[in-house]
Amino acid sequence: MLALLAATPALPLDEAGKYVAGAYVVFLALIVVYVAIMAAKLQRIERELGELAGFAEQRKAEQDREQVTADV
Amino acid sequence: MYGKGLRPLSIATVAAIVASFSLVFFYAPLDADQGFIQKIFYLHVPLAIVALVGFVIGGVFAIAHLRSGNSRWDAYSYVSIHMSVIFGVAVLITGSIWAKASWGHWWVWDEPTLVSFLIVFLMYATYYPFRYAIEDRDQQARYASVFAIVAGAFVPLNFMAVRMAQSLVHPRVFATANGGLPGSMMLTFLVSLLAIGLLWVTLVKFELTAKSASGQVKRLRRALDAPAPGGRSRVAPEVG
């Protein structure tokens, strides 16, 4: 890493450097915000799937109970 | 189904972005005229190209939707436009930063390239209210496809009109005659374009996968006849 930094010119963090850094940070920030929104969506889908799995299990248990009652 | 190949695509995208940024900061020479500020070019221009091409692709998918009536093409069209609008936001912000650093102003109203991109962006910003204002799903998809085709045809026309306009301050750097990009800069630019293009494809695929999963949950809920939590109903295209 140090060798890499030594081989490259120092980043000019003057007026121009701040604008360039700003542009690239905005780009990365947009990607991070997008990924965060998608993560929230995926969490919601996961939660809904959990609810539906619970529904399905509950329904199956009820059907099994009804089957046992009918057999008796 | 939409998630197939998403992992290698994501890895390729990250690798391409890392390669692109490395070339931008450690390989490409400083511009003789603008100096370090010109590094924004390798981000701003590929974003703009990919966003505009994405709008056209959205129009092509819309044609496929109208021809076949398959709602999958409508979803492709919607997601392509959606992603290009997000990229458009990045284009406008990075462009404004570059304008401020280079010209001393955040925005220049008499510059055709800037204003035309803003017009295209604002036109596509109306796609969402236009689409969500229609309740009936089939009608919504048809009207949105017509919008996407007309707007998609406007994009290259607008681009050609701007190229023909006499710009005072916006440089033309892809000329083959004098003033074109030197080889090292062109290589860096092409790698950046590839990276941003891959990012667009990956995010479109990611969004389609999430929409598909959401659609499958809705189908499962209908099959189980279970009530939706909060009864939310957003009229976005459903991917089966």
Side-chain angles (χ1 to χ4, degrees), chain A residues 1-70, chain B residues 13 17 21-22 24-27 29-30 34-44 46-47 82-83 86-87 89-102 196 199 202-203 206-207 209-230 232:
Chain A
M1 186 67 190
L2 286 174
L4 180 72
L5 285 173
T8 55
L11 293 179
L13 293 172
D14 54 3
E15 195 72 8
K18 276 187 275 186
Y19 284 116
V20 175
Y24 279 83
V25 165
V26 162
F27 169 70
L28 292 175
L30 272 175
I31 293 176
V32 169
V33 167
Y34 176 79
V35 169
I37 291 169
M38 291 307 289
K41 276 186 188 173
L42 286 176
Q43 265 183 332
R44 197 192 70 217
I45 290 169
E46 190 183 23
R47 194 181 61 240
E48 286 188 20
L49 269 177
E51 278 174 26
L52 291 174
F55 258 121
E57 282 165 2
Q58 197 183 341
R59 185 169 288 182
K60 186 163 189 324
E62 278 170 16
Q63 280 172 348
D64 288 348
R65 256 200 312 275
E66 280 167 15
Q67 185 72 42
V68 170
T69 314
Chain B
T13 302
I17 288 176
F21 283 13
S22 303
V24 168
F25 291 108
F26 302 125
Y27 172 70
L30 284 181
Q34 294 204 21
F36 193 64
I37 289 170
Q38 187 263 350
K39 301 286 183 191
I40 298 175
F41 163 82
Y42 301 109
L43 181 65
H44 172 71
L47 278 170
H82 177 60
M83 205 50 63
I86 294 172
F87 276 47
V89 172
V91 172
L92 289 172
I93 296 174
T94 55
S96 284
I97 292 171
W98 195 6
K100 177 66 179 167
S102 193
I196 299 295
L199 179 68
T202 305
L203 293 182
F206 192 35
E207 183 88 31
T209 307
K211 282 210 179 301
S212 168
S214 184
Q216 309 245 21
V217 166
K218 278 180 193 162
R219 276 174 57 201
L220 190 58
R221 194 177 285 284
R222 278 197 293 268
L224 285 168
D225 205 19
R232 281 189 306 273

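Only heavy atoms go into these numbers, but all of them, side chains included; no hydrogens, no water, no symmetry mates. Below, chains carry the letters A, B, ... as their sequence lines are ordered, and counting in each starts from 1. Treat the numbers as computed from the prediction; the structure is a model and nothing was measured.
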To the nearest 0.5 Å, how far apart are [atom1] in [X] and [atom2] in [Y]?
{"X": "A:Glu48", "Y": "B:Gln216", "atom1": "CD", "atom2": "CD", "answer": "13.0 Å"}
{"X": "A:Ile37", "Y": "B:Glu207", "atom1": "CD1", "atom2": "CD", "answer": "9.5 Å"}
{"X": "B:Lys218", "Y": "A:Leu52", "atom1": "NZ", "atom2": "CG", "answer": "12.5 Å"}
{"X": "B:Leu224", "Y": "A:Gln58", "atom1": "CG", "atom2": "CD", "answer": "11.0 Å"}
{"X": "B:Ile17", "Y": "A:Ile31", "atom1": "CD1", "atom2": "CD1", "answer": "5.0 Å"}

Q | Closest-packed option against chain A by number of heavy-atom pairs under 4.5 Å, given B:Thr209, B:Val89, B:Leu203 | A | B:Leu203
Q.
Give me the atom names and distance for the closest heavy-atom approach of A:Met38 to B:Ala210.
A. CE-CB, 3.3 Å
**Q.** Distance-minimising heavy-atom pair for B:Ser214 and A:Arg44
**A.** OG-NH2, 3.8 Å
**Q.** Option passing side chain to side chain contact (heavy atoms under 4.5 Å, CB included) with A:Val20 (candidates B:Val24, B:Ile40, B:Ile97)
**A.** B:Ile40
Q | Side chain, backbone, both or neither of B:Phe21 within contact of chain A (heavy atoms, under 4.5 Å) | A | side chain
Q: Name the region of B:Ile93, side chain, backbone, both or neither, that has any atom closer than 4.5 Å to a heavy atom of chain A.
A: side chain
Q. Are there residues of residues 23-30 of chain A that reach to under 4.5 Å of chain B by heavy atoms, and which ones?
A. A:Ala23, A:Tyr24, A:Val26, A:Phe27, A:Leu28, A:Leu30
